[in-house]
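Read the numbers this way: they start at 1 and go in the same order the structure lists the ligands and their atoms.
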Amino acid sequence: MNHDFDVLSAARNWRFKEVRQVSSDIAGEVFASDVLDMDELRELVSKPVWQSFQNTVQKGAPLDPSIADTIALAMKKWALEKGATHYTHWFHPLTGYTAEKHDSFYNPISDGKVIASFSGKELIQGEPDASSFPSGGLRATFEARGYTAWDPTSPAFIMRHSNGATLCIPTAFVSWTGEALDLKTPLLRSIEALNKSAQRALRYFGVEANKVFSTLGSEQEYFLIDEEFYFRRPDLVLTGRTLFGAKPPRGQELEDHYFGSIPDRVLSFMSDVENQLYALGIPVKTRHNEVAPSQYEIAPVFEPSNLAADHQQLIMQVLKNTARRYGMVALLHEKPFAGINGSGKHCNWSMGTDTGINLLEPGETPHENLQFLFFCAAVIKAVDMHQDLLRISVASASNDHRLGANEAPPAIISIFLGEQLTEVFEGMLNGHRGGGRGTGVLELGVPVLPRLPKHSGDRNRTSPFAFTGNKFEFRAVGSSQSISFPITVLNTIVADAIDAMVDAVEAKMREKRSFEEAALEVIKQVYRDHKRIVFNGDGYSPAWHKEAEKRGLLNLRTAVDAIERLTDEKNMRLFSRLGVLNEREVRARQEIMYDIYFKQVNIEGETTEWIVQTQILPGALGYLAELSEIEVKSRAAERTIQQVVEATDALSDALEKLKVQNAELGGDEVHEKAHHMRDNVLPAMAEVRKAADALERILADKYWPLPSYREMLFIK
Ligand code: ADP
Ligand code: MG
């Protein structure tokens with residue numbers, strides 16, 4: 001690149017930044033030290049207050065305002081001891097990021113002094129000036145007030161920065177009319193919906209539990225690059241991805257990065273991140289190099305999904321903040337670099353009871369197996385009936401670069417069941433005695449599953465939705481997105497499928513069938529009706545696209561295709577029947593998804609124009625000026641001039657076309673704008689990029705204004 005800086009400084013400077021010594025006493029000193037867990041809170045308040053509070057936390061009873069002051073006092077005391085000076089309601093607006101507005105604990109008193117205070121009212125409810133959060137029309141701007149309400153099921157925590165700390169109170173964010181303006185509220189509602197239907201089913205299996213909830217373990221992929229490069233890439237700074245960059249001679253083809261040894265600088269960073277996450281009570285477990293150069297992964301152990309969703313946001317935030325201490329920037333975008341792998345966020349999902357039963361764990365007795373097959377069939381039914389919703393839940397402009405590209409799950413939703421489990425289901429249909437290999441069918445025809453070894457056959461990495469032994473792994477989720485909506489959809493569609501299956505079982509029982517017989521028949525019927533969604537082969541192959549079409553599976557190729565479907569009658573009815581989102585809330589989300597899509601691509605289009613006009617073309621013309629001063633006759637000079645002239649003109653032509661598209665919006669409606677971005681701006685950007693990348697390969701290095709892929713990905 002055009003070097004007013006020394007490339008090597010990127011690799012050298014970081015050693016002089018602050019490496020924080022982290023404590024290795026994780027179990028004793030560190031873990032959850034910045035979380036106000038329930039045991040700690042109990043010790044801080046009286047017994048009656050605690051009992052009343054437990055009613056709220058465990059049974060969802062409204063919080064008695066008279067105890068709120070006492071709880072707030074206890075929380076303040078704890079937070080001050082931890083060094084907090086401020087508190088904030090921490091919430092998840094529909095931007096997909098978290099939001100916080102800090103207030104100091106300190107208030108002036110009469111004699112010119114201040115005193116720390118925190119009331120029950122401040123704990124329970126906040127009123128952020130909410131007019132600038134997207135509401136999709138749910139909140140007219142003249143009625144800008146929404147309010148945040150404490151979610152006592154997710155514990156308060158301390159967020160630290162280099163120079164202090166803040167008490168964060170997880171909250172829901174709703175309008176004054178009670179409509180959800182955030183991602184948490186529908187998630188909580190969907191957890192309740194799943195709880196109800198799963199409990200209804202479990203009663204027939206004789207399983208007693210106070211609560212059924214979904215469990216979630218996320219695997220976050222990300223890139224780390226040196227900040228020296230980052231700040232010289234306006235595209236990375238403004239859009240999160242590189243809009244230019246010729247593929248270097250070396251990418252990921254040597255397959256030497258995945259699980260490779262982790263560079264010291266990165267490992268120091270990871271340890272620092274983990275220590276902070278441990279302090280926040282987040283059970284991070286796994287770290288490793290990913291497939292692409294400079295790509296990594298972090299994964300916690302699974303937790304109840306509401307907590308997991310809060311924790312996932314914190315993981316992203318801590319990754320971003322901490323990288324800077326090591327002179328790096330963490331890129332969470334789904335596709336920061338073309339030509340090498342993008343980043344996803346696998347969501348491992350299951351259902352569990354408060355008594356510790358995993359409903360997707362294959363059992364050993366016929367009865368347990370029936371239960372497992374029942375819930376597994378419910379997932380199959382749910383995914384087949386609501387392929388559209390799963391696709392919509394991961395739809396974004398950035399994820400479009402992954403889905404359907406030849407490296408990530410395809411945009412077609414299907415389920416990988418694995419050979420053994422597929423044989424068990426198929427065996428049931430065919431009435432074979434003996435479902436899968438090693439299985440036998442007892443009386444009642446209930447198959448005994450072989451002990452499915454964990455991850456049996458889970459080497460298929462091409463499926464967007466895979467059974468992996470005792471959970472499903474939804475792999476289409478994007479690396480930068482909040483996991484709340486994908487989990488909300490999963491919870492909702494599975495709750496719906498369970499309900500329908502229990503209805504069917506009850507109908508058969510009225511015809512005097514035993515529960516076991518009835519359940520078995522329903523499982524078979526469900527599998528027969530929905531087996532088209534099961535596909536154990538290679539999801540990337542063109543043959544699958546044809547086959548999927550034959551099977552009538554949806555292929556919503558772009559985010560815009562997907563978003564369109566959100567308000568389909570079927571979806572409106574589903575969400576409202578289960579009390580997860582009403583019609584207005586669904587419409588608002590569609591509006592916001594279109595709007596974010598439009599704005600993101602619009603920013604990319606304008607950034608492309610800007611960089612070419614002000615950096616790349618001037619570089620190319622500077623080179624041409626220099627070349628044209630050569631006086632000796634040389635074939636090399638003539639060829640070079642010829643090539644640079646052609647490539648520069650091609651770039652200029654493409655740029656002029658992009659300018660035309662950038663100047664348009666495609667209509668007044670937000671969906672028209674989104675369509676314009678997809679159909680006109682993105683293709684024009686692609687033309688510009690093609691020309692620019694060609695130019696990068698022939699321009700003298702010193703005239704290329706941007707750090708190259710080679711530099712960003714390989715200098716660490
Ligand atoms: P992988 O081979 O995909 O890395 P792992 O067994 O390491 O498989 O699991 C990956 C993720 O799945 C982890 O976050 C793990 O905690 C999570 N997981 C395991 N069991 C469950 C479960 N019952 N529900 C949800 N997530 C789970
Ligand atoms: Mg996995």
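Residue-ligand proximity: Glu473 is placed with a non-hydrogen atom under 4.0 Å from ligand 1.
With a 4.0 Å cut-off on non-hydrogen atoms, Lys285 does not touch ligand 1 at all. Here Thr215 has heavy atoms under 4.0 Å from ligand 1 in both its backbone and its side chain.
Nearest residue to atom 13 (C) of ligand 1 from Ser350, Pro283, Ser305, Pro300 is Pro300 (criterion: closest heavy atom). The option with the heavy atom closest to atom 16 (O) of ligand 1, from among Phe472, Trp349, Phe302, is Phe302.
Checked against the 6.0 Å centroid threshold, Phe374 and Phe205 count as a close aromatic pair.
For the 3.5 Å distance criterion, the side chains of Gln312 and Ser482 fail to qualify, holding no donor opposite an acceptor. Side-chain atoms of Asn358 and Ser350 form a donor-acceptor pair, as typed in the model, at a separation below 3.5 Å.
In the vicinity of Asn358, heavy-atom distances shorter than 4.0 Å reach the ligand 1 atoms 23 (N). Taking a cut-off of under 4.0 Å to the non-hydrogen atoms of Gly217, the atoms of ligand 1 that pass are 14 (O), 25 (C), 26 (N).
Comment: Arg200 engages Asp503 in a salt bridge, judged by a side-chain N to carboxylate O separation of less than 4.0 angstrom.
The aromatic rings of Tyr204 and Phe515 lie parallel to each other, their planes meeting at an angle below 30°, with 60° marking the opposite boundary.
Between Phe472 and the choices Trp349, Phe465, Phe375, the ring-ring contact (aromatic ring centres under 6.0 Å, His included) rule is met once, by Phe465.
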